[in-house]
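Take a look at the structure set out below.
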Amino acid sequence: MHSLPHQTSQPPPMEDQNQCTTEDQQMQNLNLPEVLLHGPPGFSSVLQPPYSQKFHLLNHSSLPLHQFAATHPHHCAAVAAVLCDGGYPLTADMLSLLPSLRLVVTASAGTDHVDLDECRRRGIQVAGAGNLFSEDVADLAVALLIDVVMKISAADRSLRKRHVDSRAFTLASKVTGKRVGIVGLGRIGLEVAHRLEALECMVSYNSRKQKPFVPYPFYSTVLELATNTNVLVLCCSLNDQTRHMINREVMLALGKGGVIVNVGRGALIDQKQLINCLMEGEIGGAGLDVFENEPLVDEHFFSLDNVVLSPHAGFSTLDSYLAICQLLGRNLEAFFSNNTLITPVI
Ligand SMILES: O=CC(=O)O
């Protein structure tokens with residue numbers, strides 16, 4: 001589950017801000033837009049002054065939203081905006097608990113956790129992280145690729161067990177010159193492609209449509225892409241068309257030496273089939289930042305030495321954390337001053 005790390009260098013989270021402490025405070029808050037925080041405990045620390053003082057923040061993290069709505073009906077009736085974290089679903093049912101809602105701001109680039117159709121139907125605007133995390137995520141994708149292919153983490157684990165004889169390893173393979181297929185050539189995919197060019201990889205891609213002005217070969221299906229490459233890097237968003245697009249057939253086409261890197265969403269891959277293919281040696285390895293059923297990670301991965309795992313951390317550099325804190329506040333401020341959203345989704 002994408003969820004912003006809680007930065008200990010930040011001021012402590014403002015818990016239970018729905019519990020107004022004094023009448024003065026309540027009077028002051030009366031004129032501020034009601035913004036509901038929908039994320040992990042401590043999520044409120046993403047809004048720092050001056051933004052945190054411009055809105056009346058409601059924190060329901062200790063109660064599921066429907067219970068919060070039952071116990072705080074007046075607040076919920078007035079909520080004009082939701083500030084949510086990736087991985088915290090906002091379904092049509094949940095949105096129906098917020099009749100005055102006009103804006104959703106999510107701290108993620110992906111929006112698969114928000115029912116966008118319902119937002120469109122109700123005229124609710126949505127803002128996201130835009131391209132803020134693209135460079136970090138692309139860096140991580142390439143790092144995972146290099147790690148799996150050159151067996152860096154596996155070697156590290158082995159050395160820590162005092163197996164210092166490097167000849168005991170199965171040989172790694174070269175990153176330079178690899179044929180890498182990128183699935184989803186948006187901003188993250190392009191950032192990955194640029195980095196791979198420096199490694200002299202042969203990049204090709206699949207996406208919904210062929211992109212004009214892109215020098216890389218295009219394959220109209222992931223199956224064709226897998227057939228013609230050694231590595232797949234998944235950078236696309238999750239939707240009904242892309243769910244489980246990487247199935248057993250695609251993995252078999254990638255082949256025994258093939259590697260899959262996933263920095264998109266876990267459910268792009270049929271995870272059960274991935275585990276089977278890894279265990280049976282039908283593909284060579286995987287570098288995974290995302291999983292089906294996050295925050296759980298299927299324990300079968302833990303015993304596989306050809307898999308490198310990362311806890312959905314592609315976006316979690318301190319620089320990006322500070323930048324997203326600003327961006328969330330700026331989107332809220334823009335909306336409530338009747339200006340265009342900074343990073344609109346719809
Ligand atoms: O997964 C991370 C994001 O969607 O920003």
Side-chain angles (χ1 to χ4, degrees), residues 1-7 37-40 42-43 45-47 82-91 104-116 119 126-145 182-192 207 232-243 245-246 260-269 271 286-297 308-332 341-346:
M1 179 186 298
H2 162 121
S3 96
L4 283 177
H6 174 55
Q7 294 297 320
L37 297 159
H38 183 56
F43 184 52
S45 62
V46 295
L47 269 198
V82 170
L83 192 57
C84 70
D85 205 359
Y88 281 76
L90 267 182
T91 61
V104 172
V105 182
T106 177
S108 57
T111 50
D112 49 290
H113 57 299
V114 181
D115 189 331
L116 293 182
C119 289
V126 179
N131 286 321
L132 203 134
F133 303 130
S134 302
E135 290 159 354
D136 291 345
V137 176
D139 289 345
L140 183 73
V142 175
L144 287 171
L145 189 166
I182 297 178
V183 181
L185 204 69
R187 175 76 191 274
I188 295 174
L190 276 173
E191 294 283 350
V192 171
S207 63
L232 289 181
V233 182
L234 311 184
C235 303
C236 60
S237 52
L238 178 66
N239 53 45
D240 290 346
Q241 286 73 49
T242 59
R243 187 175 301 275
M245 79 197 304
I246 308 301
I260 297 177
V261 172
N262 192 1
V263 290
R265 285 290 182 266
L268 295 172
I269 307 180
Q271 188 168 283
L288 306 171
D289 185 44
V290 285
F291 306 88
E292 281 202 290
N293 311 318
E294 288 181 27
L296 301 178
V297 176
V308 179
L309 304 172
S310 161
H312 203 147
F315 60 91
S316 54
T317 61
L318 180 58
D319 315 59
S320 297
Y321 176 80
L322 297 175
I324 190 72
C325 292
Q326 289 291 317
L327 183 63
L328 296 172
R330 286 174 61 218
N331 269 308
L332 284 173
L341 294 176
I342 317 289
T343 42
V345 175
I346 56 173

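Start at 1 and go down the list; that is how both ligands and their atoms are numbered.
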Set out, in order, the CA-CA distance, both residues' side-chain angles and the distance that settles side chain to side chain contact (heavy atoms under 4.5 Å, CB included) for Val290 and Val263, then state yes or no. CA-CA 6 Å; Val290 285; Val263 290; 5.8 Å; no

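A donor-acceptor pair under 3.5 Å is formed between the side chain of Ser45 and the backbone N or O of Gly42. Proximity of a side-chain donor or acceptor of Thr111 to a complementary backbone N or O of Val114 within less than 3.5 Å is not detected.
Judged purely by distance below 3.5 Å, without hydrogens or angles, the side chains of Asp112 and Ser237 never pair a donor atom with an acceptor atom.
The shortest N or O to N or O distance between Gly110 and ligand 1 is under 3.5 Å. Considering backbone and side-chain atoms together, His312 places an N or O closer than 3.5 Å to an N or O of ligand 1. Close N/O approach between Phe133 and ligand 1 is not found [any backbone or side-chain N/O within under 3.5 Å].
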